[in-house]
Structures are given as structure tokens and as C-alpha cells.
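Remarks on the structure that follows.
Each chain gets a letter, A, B and so on, in the order its sequence line appears, and its residues count up from 1.
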Amino acid sequence: MTANSPRVMVELIKVSKTYPPSVHALQDVSLSVRSGEMLFLTGKSGAGKTTLLRLLCRSEVPDKGLVEVAGQDLERISGSGLQQLRRRIGMAYQDFRLLPRHTVAQNIALAMEVAYRKPSFIRKRTRELLERLRLSDKYHTPAGELSRGEQQRIAIARALANRPDLVLADEPTGNLDRETSTLVMELFREHEEQGATLIIATHDRELFDDGGHRVVELRDGRLLAPEDGEDTGSGDASLQSEEADQ
Amino acid sequence: MTANSPRVMVELIKVSKTYPPSVHALQDVSLSVRSGEMLFLTGKSGAGKTTLLRLLCRSEVPDKGLVEVAGQDLERISGSGLQQLRRRIGMAYQDFRLLPRHTVAQNIALAMEVAYRKPSFIRKRTRELLERLRLSDKYHTPAGELSRGEQQRIAIARALANRPDLVLADEPTGNLDRETSTLVMELFREHEEQGATLIIATHDRELFDDGGHRVVELRDGRLLAPEDGEDTGSGDASLQSEEADQ
Amino acid sequence: MNFLRAIIGQTLRNLRRTWSSQALTLLTITLSVLIFSFFFLIYINMINAGRHMGDNLRLIVYLDEEPGKPLQDEYRRKILKFDRVERIEFVSSRQAYERFRKQLGHDQDVLEGMPRNFLPPSIEVYPIRSLATLTRIKRFSDYLQTLPGVLKVQYGREWIDRFYSFVKLMRVVVILSGLLLLLTTTFMVAHTIRLTLCSRERELELLRLLGASNQYIRAPFFLEGALQGLVGSICGLAALYVFFDWFRLRFAGTAVLNLFPFTFFPIPVVLTIITAATLLCAGGSFFSTRRITRL
Amino acid sequence: MNFLRAIIGQTLRNLRRTWSSQALTLLTITLSVLIFSFFFLIYINMINAGRHMGDNLRLIVYLDEEPGKPLQDEYRRKILKFDRVERIEFVSSRQAYERFRKQLGHDQDVLEGMPRNFLPPSIEVYPIRSLATLTRIKRFSDYLQTLPGVLKVQYGREWIDRFYSFVKLMRVVVILSGLLLLLTTTFMVAHTIRLTLCSRERELELLRLLGASNQYIRAPFFLEGALQGLVGSICGLAALYVFFDWFRLRFAGTAVLNLFPFTFFPIPVVLTIITAATLLCAGGSFFSTRRITRL
Ligand SMILES: Nc1ncnc2c1ncn2[C@@H]1O[C@H](COP(=O)(O)OP(=O)(O)OP(=O)(O)O)[C@@H](O)[C@H]1O
Ligand SMILES: Nc1ncnc2c1ncn2[C@@H]1O[C@H](COP(=O)(O)OP(=O)(O)OP(=O)(O)O)[C@@H](O)[C@H]1O
Ligand SMILES: [Mg+2]
Ligand SMILES: [Mg+2]
């Protein structure tokens with residue numbers, strides 16, 4: 001599979017992550033994501049979705065296994081190499097990670113400023129994103145004074161701001177109603193069309209039930225047998241998870 | 001309606017709340033909730049659901065209108081009266097408000113300790129709730145090290161710990177998968193059966209589509225024409241909201 | 001019962017959880033007490049030294065003739081009428097000669113052949129040694145001049161001026177350093193309280209929302225503050241004593257120790273400092289939570 | 001270009017957003033510089049006063065007969081062989097008599113009829129006024145005793161001992177206060193940096209995750225630190241100068257000012273203090289972010 005794809009954006013090989021003392025967040029996970037693909041990652045609460053995404057932007061390092069993003073081994077990457085890679089990744093965190101005292105515009109601009117974009121570009125892109133997410137009137141509002149759903153959209157806007165090659169969205173619609181979720185998904189699809197790779201962790205079946213996108217499921221840290229013929233995951237994953245549930 | 005009900009737990013009359021400079025979070029909202037009722041509050045992101053719940057536990061005061069909880073006018077209540085009332089209210093916050101350094105058990109115990117419960121009772125109740133929410137193995141884990149879905153369940157457990165008369169749950173299943181959501185809803189129903197009043201703010205239609213519970217919808221700070229003959233809400237609410245959407 | 005158990009339990013848990021910030025606060029208090037008492041000790045010893053130096057302070061009243069017993073009593077009465085003094089001494093011509101001879105030391109042979117009573121008799125008046133007296137010494141001298149039979153009144157004017165200005169100078173220096181340090185200490189303590197409150201703001205706000213009573217929230221702060229004030233002030237004073245002891249050893253036998261008779265605080269002062277620090281810290285941390293109980 | 005603009009923009013935005021905590025830091029630095037330079041100033045003036053007092057320091061070498069010009073040169077040579085001295089003065093019998101007469105003051109009539117040369121001639125040696133010299137004065141005296149024609153060597157032993165111990169004492173006091181204050185200042189600055197970092201930890205971590213370069217994160221801290229060090233030290237020194245001026249006015253004309261000739265720091269010292277503070281603050285806040293760039 002990996003060999004067939006034109007270019008591989010994300011490659012995980014037998015990755016395990018254990019939090020001290022003994023929380024096996026990920027076990028032997030292998031997964032590869034083609035460049036330009038939109039992938040949904042599902043799984044019960046505590047299955048390890050967030051952990052997987054955190055490995056991809058190296059906020060967490062794996063105990064075992066190989067993590068490659070855009071062809072670069074994250075274990076061997078240099079400091080400035082990592083910084084450059086991170087500017088090509090946009091992550092919408094499950095807990096948003098907004099700066100509550102900064103205004104909405106400043107929060108979004110941050111992602112572009114660290115890449116030394118021009119102020120004029122930053123302003124234009126910020127306005128465009130806020131427009132798309134129906135938050136234009138909150139431009140100057142401090143992020144801490146928004147409702148949770150509004151904050152979630154700001155987090156998504158920040159992740160997309162820099163037109164990253166890889167978008168990681170962690171539960172992007174958890175605080176959004178159906179209508180607003182649709183807005184967000186439209187934005188995601190647009191970026192997919194423009195060539196970005198997207199990995200979306202969600203438990204909301206409605207997000208992926210309609211389309212022909214690949215969906216992988218984590219259960220207790222293991223990838224389940226894939227739904228559309230993926231060669232990832234281990235056969236006894238479901239059995240293992242049933243034991244763990246006891 | 002208010003007059004007919006055996007006892008009214010929550011009474012809002014023409015309540016308005018405006019955040020500075022001019023965010024009209026709630027406008028002329030009137031609503032009454034019977035003791036023992038389970039009420040769902042829906043609405044788009046930013047409609048004012050959280051604001052309404054915050055008024056009920058007086059983390060926020062209204063600009064206009066009357067807010068009564070358990071027969072007490074929240075504007076006139078004394079300091080210790082408010083403290084006693086708050087111990088009878090359990091709120092699961094949308095942003096959880098857990099103490100990240102405290103263990104899961106300590107977080108849940110807090111709600112009972114402020115009511116000077118016996119340590120033995122606290123321990124028993126904590127174990128019981130964690131059991132029900134499938135989090136028994138996280139008893140001694142610091143809350144900051146949990147996945148978001150797990151944190152959400154802890155926030156719910158804390159809200160229910162004291163067996164409050166009024167439960168306010170703000171988006172209680174936003175980070176939970178279907179299966180876990182069911183566990184939470186079972187807990188809520190159990191408390192309803194034991195006589196608690198519940199107000200659940202959510203955008204998840206699956207939570208209330210099945211049952212015969214009352215659902216009210218907020219749109220841009222106004223209560224919509226009620227679905228089951230409530231006398232609350234103003235007629236032109238939907239028109240107003242369409243204007244605001246432009 | 002449940003209340004007490006909850007409070008003490010919470011205090012202990014807080015102390016355990018935030019021990020690093022607690023240690024910081026303790027250090028702050030220890031330093032503050034140390035600094036304060038250090039300067040206080042210097043000030044006290046300086047005042048003592050001033051007294052000691054004042055031993056040399058006297059007015060010499062030269063008389064035209066040796067006064068008899070009744071006249072001596074008369075003088076004594078008149079002097080005491082003006083002001084309380086520490087001591088009055090009558091020096092005859094003979095005594096004055098002996099003293100002068102001793103003062104000349106190896107040059108005393110120059111006095112050979114001089115009559116033993118060529119120096120006039122005098123009264124030596126030792127005023128009470130206090131700064132207040134020093135400021136009045138000129139008036140005192142003028143008064144003594146008016147007594148009958150007085151030739152001339154002499155006192156170490158230059159010396160007194162110097163000493164007096166020196167004490168004033170030291171007083172200003174000590175007060176300035178004291179002010180500076182008070183500022184610093186206040187600032188540090190406010191800083192520390194701010195740090196503590198900041199780090200616990202979310203917790204306290206949450207307690208409020210859960211319906212905790214004022215006592216439940218504030219009692220642990222009060223206990224914590226009192227404990228820290230107590231331990232901190234004891235540590236600070238102990239450190240000062242160690243310094244002091246080393247200091248005294250270091251200068252044992254030198255002339256300085258004769259000049260400045262170093263003493264540590266007496267026990268009541270020590271107890272007062274400890275009590276004050278404890279109350280201050282308890283009160284401070286208690287009142288700093290006032291803002292929170294208003295939520 | 002874009003880099004510079006981004007950095008300066010961020011620094012300005014930070015200053016604006018966190019101005020209250022910035023003001024606190026500034027106050028801390030001002031206080032620290034004030035305290036440090038206050039004690040430094042006292043120390044410097046004390047050393048000066050020491051020099052000044054040392055003017056009285058001399059060894060008197062009594063000779064058995066009036067030395068002629070060549071003998072004087074011989075003495076001078078021999079004395080200089082032992083140590084560098086500040087001044088050597090030859091006092092004839094006649095000069096000694098005049099001085100003694102003046103010292104006696106109103107008692108000078110006792111000298112009437114004495115021969116004018118009853119006092120021996122002497123050499124007055126003024127050693128270089130430094131503490132080092134004081135410690136060697138005994139040896140110096142012993143050496144002078146061995147010179148030919150010397151009757152006796154005299155110096156104000158008791159006075160020197162006293163002065164020497166007093167200076168030692170003051171040195172210990174100043175060093176102790178200095179240490180205490182250094183401790184306090186370090187503590188305060190560390191505290192402040194901790195507070196700043198704490199409040200901006202989330203922001204810095206986020207910048208890391210967004211892929212900000214090390215320079216982007218650290219340059220604003222460096223600029224901020226430098227700015228604060230500069231402004232803080234200037235404020236501190238200005239405050240000290242105001243104190244100093246008031247102080248000098250307060251004691252103008254009193255005997256103390258003759259005893260201690262107060263002077264402020266010379267310009268180079270002022271510049272050095274400002275530069276040092278600026279570099280320290282810039283470096284401090286730069287290095288305090290090291291932990292963060294490792295994320
Ligand atoms: N502290 C605040 N200061 C200013 N504006 C606020 C504040 N809190 C909420 N708002 C504004 O009030 C409006 C209603 O907010 P609220 O949090 O009640 O919405 P909500 O219905 O809970 O939305 P969501 O589903 O996104 O949580 C929003 O437009 C929000 O931006
Ligand atoms: N920092 C941490 N320290 C220790 N354990 C952790 C930490 N973060 C996550 N875990 C544990 O690792 C497991 C997987 O967590 P993760 O956050 O990846 O789950 P998730 O799939 O994102 O769940 P959710 O849908 O609830 O967000 C959970 O059991 C969690 O308790
Ligand atoms: Mg997650
Ligand atoms: Mg909300």
C-alpha cells in the first residue's frame with residue numbers, strides 16, 4: 001500500500017506509547033496516510049486518538065516505533081527542522097489552546113506570524129476565515145470571552161490559517177451544532193481539494209457517514225481491522241480490547 | 001403553566017443579559033421548569049445556552065428580569081443563603097473546570113467536602129460514580145492527565161456527586177462517543193427518577209430525539225416558540241434571528 | 001466535627017501539594033524577618049553605643065574659689081532645679097592638678113616647681129545621656145554661667161556637635177535603609193501572595209461555585225499564614241542569632257567591642273517579633289482572600 | 001525585514017498587554033538597583049571617610065639631637081627603604097614647643113619660664129593611608145626604632161586599633177547587609193521571572209507548537225529584559241541621587257560633613273552600573289527562556 005501511493009504524508013510503523021505508570025495509550029499502531037487524503041480517526045473516549053495526533057506534531061514522543069511526517073523521521077529531526085515542519089502542520093486541539101487575553105484576530109494571526117508572513121496577508125486571511133466561520137463580528141473580542149463553540153471555530157481557523165500541508169483536527173465539532181459543523185466540514189473539504197492532507201479525530205459518525213473517505217478506528221490503543229481494506233491494525237485488536245474493558 | 005405545576009424549581013421572567021460592549025446574550029427570556037423535570041436546551045453555537053445556565057447558579061447576574069431557583073430570588077439572596085443553594089445545584093461546566101493537579105477522586109470529592117459530608121460517604125459515592133462512568137482505574141490519576149472525554153465524565157460525576165436537587169449539564173456529551181453518552185444519559189435519568197430537576201444544554205439531537213422530554217431552543221438569545229405548548233418565548237424570535245444571521 | 005476535619009484536612013493537603021511555593025513563601029518571610037531584625041539590632045546597638053560614648057559628656061564649671069559643704073549643697077540644688085542630671089562632682093584645685101599631671105604623661109616634668117593649686121576648683125556636671133539632653137546643652141551651659149562664683153563653663157562643644165551629627169546621620173541612614181527594606185519586604189510579600197492566589201485562583205473560584213462557605217475557603221489560608229509566620233520568624237531570628245554570635249566571636253577582644261557593647265534582643269522583644277510576624281502573616285493571607293469570598 | 005517587524009511588533013504588544021506585570025518587574029529592578037547602589041555608596045563614602053580620618057595617622061620618631069641636612073636625607077632614604085610613605089616631616093625642638101603651647105590652650109601660662117628647647121626634635125612619618133598600612137604599622141614602628149639616634153617611636157596605637165577595628169566592623173556590617181540584600185534581590189528577580197514565565201507559559205508552549213523559531217520566541221524576551229534593565233537602573237540611580245541630594249542638604253554645615261566628605265558616584269561608575277543592569281536583565285530573561293526552547 002505504502003509503495004503504491006504517489007506520496008506518503010504520514011507513516012506510522014508499529015508505534016507504541018505508554019504513559020507512566022502503565023497507561024497503554026497506543027500499542028503497535030501502523031498507519032500510512034497518502035498526501036492529499038482526508039482520513040477520519042474514530043474510537044471510544046480514551047482510545048488514544050489525541051495521543052496519535054500528538055505524536056504526529058511531536059508534542060509527544062513514542063516509546064517504540066517509527067513516526068514519519070512528510071518523509072522526515074520525527075525522532076531524528078533537528079530543532080530548526082522540527083520548527084519548519086510544524087509550520088506546515090496545522091493542529092486544532094481538542095482543548096483549543098487559545099490565548100484567552102488575546103483577541104480572536106491575534107490568536108489566528110499567531111500561526112502566520114511565526115512563519116513570518118506579511119501583515120497584509122495575515123489580515124486578509126484572518127478576515128476570510130472569520131467570514132467563513134460566521135465570526136466576523138468577534139474580530140476584536142478576547143478569545144476568553146467567547147462561547148465554547150465559538151472558541152472551537154477559532155481553534156480550527158488557526159489550524160487552517162497558514163494553509164498547512166497537514167491538518168490535524170481533534171474532535172473539531174464537539175461543541176458545534178449541525179449547521180456550524182457543516183461550515184467547518186466545507187472548509188476542510190476545500191483544503192483537501194487544494195491538496196492538503198487531513199486527519200480528523202472524531203466520534204461524530206455524521207461527519208464521515210456520507211462520504212467516501214477512509215475511516216480508521218482505535219480501540220484501547222490498537223487500530224481495528226480497517227473498513228476499506230487497509231493493511232494496518234493487528235488481527236486480535238478487538239479481543240484485546242474486550243479484555244481491557246473488564 | 002407555572003401555577004399548575006406542583007412545585008417550580010426554576011423560574012425565569014423576562015431575563016436579559018448583555019455582555020459589554022453590546023453582545024445580547026439573552027433577551028427577554030421567560031422559562032419555568034418544574035421540580036423533577038428533565039429539560040433539554042438547544043440552540044446554535046453562541047445562542048446563549050451557557051449564559052442561561054450561568055445565571056441559574058449566579059456565576060453571572062442578569063441585567064434585567066427575575067431569576068428564581070428553588071423559590072429564592074437570586075438577586076436578593078444572602079451570602080450564606082447562596083452558598084447553601086449552590087450546594088443543592090450541581091453544574092457540569094462546558095469547559096469542565098477540573099483542578100488538573102488534583103486526582104480524579106479529589107476532584108469529585110470537592111463537591112461533597114464543601115457540604116461537610118463524612119469521609120466514608122465521600123469515598124463510597126466517588127467509587128460508585130467512577131464505576132458507573134467506567135473510570136474506576138483512573139481513581140488516583142491527576143485530572144490533567146486524562147483524555148478530554150474522560151475529563152468530561154469527571155465533570156459530570158462531580159456535578160452529580162452531592163445528589164443535587166438541580167443538575168445543570170452544559171454540553172455533557174460533546175467529547176463522548178455514542179456508547180459513553182448512553183452511560184451518562186442513564187445516570188441522568190436515574191437522578192431524574194430520584195426527583196432531581198435536570199437542565200441539559202446540548203446540540204446533540206440524539207440525546208433528546210427519543211424521549212418525551214421537553215426541549216426548548218434558544219436562537220440569538222431569545223427562546224423560540226416552544227415545541228410542546230410552553231408559554232415562554234416571543235413570537236418574533238425566529239425573525240429576529242434571521243436578521244442577526246446576516 | 002466534620003467542619004474541623006475538613007478544614008485541617010484541606011490545609012494539610014494544600015501544604016503537601018504546593019510545598020514548593022510554600023517553601024518560597026517561608027523563605028520570603030524568613031528573609032524579611034531577618035532583614036528587619038538585623039537593622040533593628042544595629043539600631044538598638046547604635047543607640048547603646050551612643051549612651052556609652054556619652055560617658056565622656058560633662059560640663060565643667062570653673063569656680064573662683066573652693067566651695068564649702070553648704071555652698072556645694074546650694075550649687076547642687078540650683079543645678080537640679082534646671083534639669084535632672086546623672087551626677088555632680090566637685091573637683092578641688094588639688095585634684096585638678098593631679099589629673100592634669102596624669103594627662104601630660106611623659107611630659108609631666110614641665111610641671112615641676114609649679115604651685116599645686118594653680119588650677120581653679122570646678123564642678124563637673126554629667127547630664128543624663130540622651131539625645132534630648134544634647135540638644136539642650138547650650139542652654140544648660142548658659143544657665144550654669146549665671147550661677148554666683150562661676151568663672152567659666154566649659155564643655156566639649158566640638159565633640160558634642162560631632163557626636164550629635166553622627167548620631168543624626170546614622171539615624172537617617174538606618175531609617176532610610178529601613179524604609180527601603182520595608183518597601184522591598186512589603187513588595188516581596190505582596191508578590192508572594194499574588195503568586196499563591198494566582199496559582200490557586202481557579203481552585204478558589206471553583207470552591208465558590210460549589211457553594212463552599214467562607215470559613216471553609218478562608219480558614220486554611222489563615223492556618224497556613226499563621227504557620228508560615230511562626231516558622232519563618234523563628235528561622236529568621238535564629239539565623240540572625242547565628243550571625244550575631246559569629247560576629248561577636250570575630251570581634252572578641254578588639255577595641256570595637258569596648259566601644260560598642262553588642263547585645264542581642266532581650267527575650268520579650270524576641271517573643272514580640274515572633275508574635276507580630278505570626279499575626280501579620282495570618283492576617284495578611286486571611287485578608288488577601290477577601291476578594292475571593294465576594295464572588 | 002519580516003522577522004524584525006514581527007519581533008518588534010510582538011515585543012510592543014507584549015509590553016502593552018502585560019503592562020501591570022511589567023510595571024512590577026520594573027519596580028523590582030528599580031528597587032534592586034536602588035538598594036545595591038545605596039549600600040555601595042555608603043561603602044565608598046565610608047572608605048573615603050577612613051582615608052580622611054587617616055590624616056591623623058603618623059608615627060613620631062623622637063631623636064636625641066637636631067639632625068642636619070645630610071642626616072635628614074639619610075633618614076629619609078632609610079625610611080623610604082622600608083616602605084612607601086606619604087610624607088616625612090622634620091620637627092625641630094622649637095617647632096615642637098610652639099605646638100605644645102598651642103595644645104595647652106588657656107593653660108599655656110604654665111610654660112612660662114621653661115627653656116624653648118626642652119622638647120626633643122622629631123621626625124613625623126605619615127604612612128600611606130590604607131588598611132594594609134595599618135596592619136603593618138607595628139612592624140614599621142619597630143623598624144624605625146632601630147635607626148641610629150632614635151630615642152623613641154610613638155604612634156596613636158590605641159586610636160589606630162580602634163579605628164582599624166571600626167573599619168573592619170563597618171566592613172563586616174556592609175558586607176553582611178550586602179549579602180542579605182543580594183539574596184533578597186536575586187530572590188525577587190527570580191520570583192518575578194517565575195511569575196512572568198508562569199503567566200506566559202501557555203503562550204510560549206503554543207508558539208513552540210506552532211513552529212516558532214527560537215529567535216522569534218526569545219528575541220522579545222531579550223528586548224524586554226534589556227529595556228527593563230535600562231529604565232529600571234536609571235530610575236534606581238535617579239532615586240538614589242534624589243536621596244543623596246536631600247541628605248547633603250539636610251546635613252549641610254554640620255560637623256558630620258567635615259568628617260565624611262560625601263560624594264556621589266563618578267559618571268563612569270554610574271554608566272557601569274546601568275550597563276551591568278541592562279546586560280544582566282537582558283541575559284537573565286534570555287536565559288530563563290532556555291527551558292522553553294527545548295520543548
Ligand atoms: N464573558 C463573556 N464576555 C463577553 N461575551 C460573552 C461572554 N460569554 C459569552 N459571551 C457571548 O455571549 C454569547 C452567548 O454565549 P454562550 O456561551 O451563552 O453561548 P452558547 O449557547 O453556550 O454557545 P456554545 O454552544 O458555543 O457553547 C456569545 O456570542 C458569546 O460570544
Ligand atoms: N498526559 C497523560 N498522562 C497520562 N495518561 C494520559 C495522558 N494523556 C492521555 N492519557 C491516557 O491515555 C489514554 C488515551 O488518551 P487520549 O487522550 O489519546 O484519548 P482519546 O482517544 O483522545 O480520548 P477522548 O475521545 O476522550 O479525547 C487515556 O486513557 C488517557 O487517560
Ligand atoms: Mg482526545
Ligand atoms: Mg456554551
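- B/R178 CZ to A/T42 OG1: the interatomic distance, rounded to the nearest 0.5 Å, is 13.0 Å.
- Rounding to the nearest 0.5 angstrom, the gap separating the CG atom in A/N175 from the CG atom in B/D170 is 8.5 Å.
- With a 4.5 angstrom heavy-atom cutoff, A/T173 touches chain B only via backbone atoms.
- The structure places CG of A/D177 at 9.0 Å from CD of B/E217, a figure rounded to the nearest 0.5 Å.
- Heavy-atom neighbours of A/E75 CD from other residues, nucleotides or ligands within 6.0 Å: at or below the threshold of 12.
- A/E171 has no carboxylate O lying under 4.0 Å from a charged side-chain N of B/R148, or vice versa, which leaves the two without a salt bridge.
- Checking A/S45 against B/R153 by side-chain atom types alone, a donor-acceptor pair falls below 3.5 Å.
- Only the side chain of B/K138 comes within contact range of chain A, with at least one heavy atom under 4.5 Å from a heavy atom of that chain.
- Per-residue counts of heavy-atom pairs under 4.5 Å with chain B were compared for A/D204, A/L176, A/T180; the largest is that of A/L176.
- Note that CZ of A/R134 and NZ of B/K44 are 6.5 Å apart. Values are rounded to the nearest 0.5 Å.
- A 4.5 Å side-chain heavy-atom check between B/R205 and A/E206 finds every atom pair outside the cut-off.
- Note that CD of B/Q151 and CG of A/D95 are 7.5 Å apart. Values are rounded to the nearest 0.5 Å.
- Here CD of B/Q94 is found 9.0 Å from CD of A/Q152. Values are rounded to the nearest 0.5 Å.
- No more than 12 heavy atoms of other residues, nucleotides or ligands sit less than 6.0 Å from atom CZ of B/R101.
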